[in-house]
Amino acid sequence: MTDITWTLCDHGYTDIVYDKAEGIARVTINRPEVRNAFRPLTVQEMLHAFTDARDDAEIGVVILRGAGDLAFCSGGDQRVRGEGGYVGDDGVPRLNVLDLQRLIRTLPKPVIASVAGYAIGGGHVLHLICDLTIAADNARFGQTGPKVGSFDGGYGASYMARIVGQKKAREIWFLCRQYDATQALEMGLVNTVVPLAELEAETVKWAREMLANSPTALRFLKAALNADCDGQAGLQELAGSATLLFYLSEEGKEGKQAFLEKRPPDFKKFKRFP
Ligand SMILES: CC(C)(COP(=O)(O)OP(=O)(O)OC[C@H]1O[C@@H](n2cnc3c(N)ncnc32)[C@H](O)[C@@H]1OP(=O)(O)O)[C@@H](O)C(=O)NCCC(=O)NCCSC(=O)CCC(=O)c1ccccc1C(=O)O
């Protein structure tokens with residue numbers, strides 16, 4: 001039992017549930033009948049919810065989880081996989097989960113994956129992309145791509161190797177084995193393992209601890225850790241946060257104000273720190 005009261009954010013979603021409490025936004029993939037596999041609509045709704053969480057200044061942490069105890073997410077819905085991608089009502093084949101991966105990765109707030117049951121295939125990559133993973137003791141992790149005719153050579157391969165090392169990443173992808181929560185903890189895939197009954201409480205506890213810390217420090221740390229892996233895109237993310245901070249400074253405001261007042265800017269009053 002968790003001492004938190006969630007408020008539903010009703011955007012007319014069918015495939016996810018989105019709620020908020022105490023500065024935490026929670027996205028729940030709600031397709032337990034297919035072990036929370038995602039179809040294009042599921043991903044579109046997650047993109048919408050994560051964008052809302054990013055833009056809501058009251059939100060400091062986002063939780064991603066699956067409905068029920070059996071699965072976090074089992075990846076792409078193989079029933080709607082057509083030629084060239086996953087096909088929605090519009091008939092267009094998509095791999096729009098890649099957009100979601102980038103949104104979670106660049107969201108300037110910590111994202112926690114709260115994993116009960118299976119995190120498999122594209123669902124495994126989703127928890128991997130999140131900043132932290134809290135696993136229940138019934139969690140099982142693995143990739144299936146080479147078994148089902150798929151692979152994720154982006155974050156799913158390169159970022160995984162940064163986390164578990166090259167040898168282990170190759171084992172995970174080449175053999176398509178499943179790993180239990182203890183094995184996942186040993187290889188650094190998850191941050192902690194708790195009894196299933198304590199998963200929500202532990203996830204909320206971690207969220208509350210981060211909410212008590214400086215949001216700007218967390219934002220810069222996430223951007224810096226990303227930049228180490230993400231090349232120019234990572235640099236853009238880090239530099240964007242630096243520009244935001246500069247806009248908030250008196251020095252940044254002087255430049256804008258001088259332009260609007262049609263006068264030369266006076267930057268002499270600003271110190272040049274070592
Ligand atoms: C997850 C399982 C291990 C769970 O096993 P179990 O508990 O025994 O349950 P089941 O009886 O197998 O499943 C119950 C029910 O759910 C259906 N189901 C499960 N997973 C899916 C799925 N992914 N798609 C559709 N349906 C699913 C299952 O058929 C059952 O239905 P019934 O009608 O009741 O029979 C196990 O279910 C399992 O292994 N599932 C498949 C996992 C998988 O292979 N996922 C796809 C991997 S590929 C992927 O995710 C693509 C991701 C992607 O979009 C991408 C994009 C860009 C670049 C790369 C990628 C990429 O490929 O990663």
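Just follow the structure's listing: the first ligand is 1, and inside any ligand the first atom is 1.
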Query raised in the report: Where does the angle between the aromatic ring planes of F267 and F270 fall among parallel (under 30°), tilted (30 to 60°) and perpendicular (over 60°)?
Result: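 Correct class here is tilted.
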Query raised in the report: R140: what forms a side chain to side chain contact (heavy atoms under 4.5 Å, CB included) with it, not counting sequence neighbours?
Result: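 R140: side chain to side chain contact (heavy atoms under 4.5 Å, CB included) contacts with Y118, Q178, D180.
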Query - Residues that Y179 engages under ring-ring contact (aromatic ring centres under 6.0 Å, His included), provided they are two or more places apart - result: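 Y179 satisfies ring-ring contact (aromatic ring centres under 6.0 Å, His included) with no other residue.
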Report task. Could you tell me whether E200 and R26 have a side-chain N and a carboxylate O separated by less than 4.0 Å? Result ->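 Looking at R26 together with E200, the answer is yes, because their closest N to O distance falls below 4.0 Å.
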**Report entry** With sequence neighbours excluded, residues passing salt bridge (charged side-chain N to carboxylate O under 4.0 Å, His left out) with R65
**Finding:**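 Counting only residues at least two positions away or on another chain, R65 forms no salt bridge (charged side-chain N to carboxylate O under 4.0 Å, His left out).
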Please tabulate protein-ligand N/O pairs under 3.5 Å for ligand 1, atom names and distances to 0.1 Å.
| unit_1 | atom_1 | unit_2 | atom_2 | d |
| --- | --- | --- | --- | --- |
| ligand 1 | 7 (O) | R35 | NE | 3.0 |
| ligand 1 | 7 (O) | R35 | NH2 | 3.2 |
| ligand 1 | 9 (O) | R35 | NE | 3.2 |
| ligand 1 | 9 (O) | R35 | NH2 | 3.2 |
| ligand 1 | 16 (O) | E33 | O | 3.4 |
| ligand 1 | 20 (N) | S74 | OG | 3.1 |
| ligand 1 | 23 (N) | S74 | O | 3.1 |
| ligand 1 | 23 (N) | S74 | OG | 3.4 |
| ligand 1 | 23 (N) | G76 | O | 3.0 |
| ligand 1 | 24 (N) | Q78 | N | 2.9 |
| ligand 1 | 44 (O) | T144 | OG1 | 2.7 |
| ligand 1 | 45 (N) | S74 | O | 2.8 |
| ligand 1 | 50 (O) | G76 | N | 2.8 |
| ligand 1 | 50 (O) | G122 | N | 2.8 |
| ligand 1 | 62 (O) | S150 | OG | 2.0 |

Query raised in the report: Between F72 and H124, does the ring centre distance come in under 6.0 Å?
Result: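 No.
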